[in-house]
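What you are looking at is a predicted structure, and each value in this text was computed from that prediction instead of being measured. We count ligands from 1, going down the list as the structure has it; atoms in each ligand are counted the same way.
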Amino acid sequence: MTDQILVTRSSLPLFDEYVEEIKELWESHWLTNMGTKHKQLQKEMLSYLGVENIELMVNGHMSLELSLQAMDLDGEVITTPFTFASTTHAIVRNGLEPVFCDIDPETFTMDTKMLEELVTDRTCAIVPVHVYGNICNIEEIRRIAEKYGLKVIYDAAHAFGEKYKGMGIGSFGDASCFSFHATKVFNTIEGGAVCFKDKDFGLDLYRLKNFGIRGPEIVDSVGANAKMNEFCAAMGICNLRHLDDEIAKRKIISEYYRNCLEGVEGIQLNPVQKDVQSNFAYFPVVFDEKLFGASRNEVFNRLETEGIFTRKYFYPLTNTFTCFHGKYNVDQTPVALHISKRVLTLPLYAGLSLEQADRICSIILQCRN
Ligand SMILES: *Cc1c(COP(=O)(O)O)cnc(C)c1O
């Protein structure tokens, strides 16, 4: 098929720009373990993200997993099931128990009206997700965390570069974890980062990403290997130069989609959030079969026959995963279940043309007949 449209397409700098960036590596022979590219990217990110502290990581998942480990937690962690496998897995792989809070029906982030009643004397932390780049109810999460002495670790994988009330999104909570996976708004091929407040936590994190090595002859924690290598850091340095342009293009496409689909009966779009500088990471559409005239799956299949690949994201919910053997009761998160069965994210990347966006909208609207 000549005109296939995938749900995303990874951003790349010009070939020559990347080659120029990695030339030094052939001079230094320093390929990983916190080299000059790693240090440079770390520094540039601090200013781009508007945060005080950051630690680069091998991916978003290890950012979450090692942040939880560095906090030395025990017991229950309140989170949501409307997320990528990584969020729940990071909790479970730390020997912690996820407790699932339902999501807000508008933003699909943690419903803070239900959060407080899930707190028990075993709760140690909250792991909310800025889903699709929609910002969580930060004030309310902070209030509840302070009241009960809980840590807050944001899964900010979707929220790179966003600002809330003028502040970098990574400056909220005890830690915020970003993903720089190839499919995200900003990529380092694979990569991630943790932004945090407490410098001691940062030192622990630094050691945990390097096997728990404290000094040449001292290894005092059971760490992992989660260092970002120099080639990935170099990709990040290049991609960061073009990011504002890419986000501006994503904005135009998102607004085009919104103009075509807003107000159509049976279609729900995410709200434009007040006080949020968005990165236009995703464009989710929720289909109400009765009102719209076609189900999410019908729209998905119809687009697929036209060579357009959307994504049922997030579906299924993490609390229904086979690996958990029915341990969690999905009826406790009915809104998340409802949305996961009806949501579709549309193709969105800087190189998508408005003609393509228009074709996608037309096919979606034809599904009604
Ligand atoms: C992508 C993603 C992750 C994991 O990031 P990786 O870099 O792929 O390890 C975690 N949480 C969410 C919500 C994500 O979308």
Side-chain angles (χ1 to χ4, degrees), residues 7-11 41 45 49 54-69 77 79-94 98 100-101 103-104 107-110 125-136 152-162 169-170 172-173 175-195 205 208-209 224-229 231-233 235-236 239 250 270 278-284 311-319 321 333 336 339-340 343 345 348-349:
V7 69
T8 187
R9 198 178 70 182
S10 301
S11 301
L41 181 61
M45 290 233 152
L49 291 173
I54 192 165
E55 198 57 64
L56 297 183
M57 309 294 267
V58 69
N59 56 46
H61 178 76
M62 290 308 286
S63 304
L64 281 167
E65 198 171 309
L66 295 185
S67 290
L68 288 164
Q69 188 183 346
V77 175
T79 186
T80 59
F82 191 72
T83 183
F84 187 54
S86 173
T87 324
T88 307
H89 285 4
I91 295 167
V92 175
R93 287 170 60 84
N94 267 290
F100 294 99
C101 183
I103 58 170
D104 176 89
T107 62
F108 312 157
T109 60
M110 185 174 272
I126 308 172
V127 178
V129 186
H130 297 305
V131 185
Y132 304 132
N134 294 334
I135 299 308
C136 297
V152 178
I153 301 103
Y154 280 106
D155 182 336
H158 290 186
F160 187 82
E162 295 197 307
I169 200 63
F172 300 99
S176 289
C177 301
F178 293 102
S179 164
F180 310 151
H181 184 258
T183 56
K184 301 281 163 43
V185 168
F186 166 77
N187 86 77
T188 60
I189 309 169
E190 293 256 13
V194 183
C195 299
L205 202 57
L208 287 174
K209 81 170 180 180
N225 180 0
K227 306 179 301 281
M228 180 184 285
N229 71 55
F231 289 83
C232 289
M235 182 62 87
N239 278 336
R250 284 175 171 274
N270 272 170
S278 175
N279 63 5
F280 305 93
Y282 298 89
F283 199 90
R311 191 169 171 198
K312 298 175 193 177
Y313 191 61
F314 297 106
Y315 175 84
L317 295 181
T318 68
N319 57 1
F321 282 176
T333 54
I339 299 297
S340 76
V343 72
T345 56
L348 180 56
Y349 49 88

From F321 atom CZ to T88 atom OG1, the distance as rounded to the nearest 0.5 Å: 6.5 Å
Residues at least two apart in sequence or cross-chain that pass ring pair (Phe, Tyr, Trp, His ring centres under 6.0 Å) with F186, listed by chain then number, are F160, F180
With sequence neighbours excluded, tell me which residues meet side chain to side chain contact (heavy atoms under 4.5 Å, CB included) with T107. D104, T109, N134, P271, Q273
Tell me every residue that passes side-chain hydrogen bond (donor to acceptor under 3.5 Å, both in side chains) with Q69, counting only those two or more places apart in sequence or in another chain. none
For ligand 1, find each of its N or O atoms that sits under 3.5 Å from a protein N or O atom, and tabulate the pairs with distances to one decimal place.
from: ligand 1; atom 1: 5 (O); to: S179; atom 2: OG; distance (Å): 3.2
from: ligand 1; atom 1: 7 (O); to: G60; atom 2: N; distance (Å): 2.7
from: ligand 1; atom 1: 7 (O); to: S179; atom 2: OG; distance (Å): 2.7
from: ligand 1; atom 1: 9 (O); to: G60; atom 2: N; distance (Å): 3.3
from: ligand 1; atom 1: 9 (O); to: H61; atom 2: N; distance (Å): 2.8
from: ligand 1; atom 1: 11 (N); to: D155; atom 2: OD1; distance (Å): 3.3
from: ligand 1; atom 1: 11 (N); to: D155; atom 2: OD2; distance (Å): 2.7
from: ligand 1; atom 1: 15 (O); to: H158; atom 2: NE2; distance (Å): 2.8
from: ligand 1; atom 1: 15 (O); to: K184; atom 2: NZ; distance (Å): 3.1
from: ligand 1; atom 1: 15 (O); to: Y313; atom 2: OH; distance (Å): 3.2

Using distance alone, with no hydrogens and no angle criterion, decide if N229 and K227 have a side-chain donor and acceptor under 3.5 Å apart. no
Indicate whether any N or O donor in one side chain lies under 3.5 Å from an N or O acceptor in the other, for N187 and S10. no
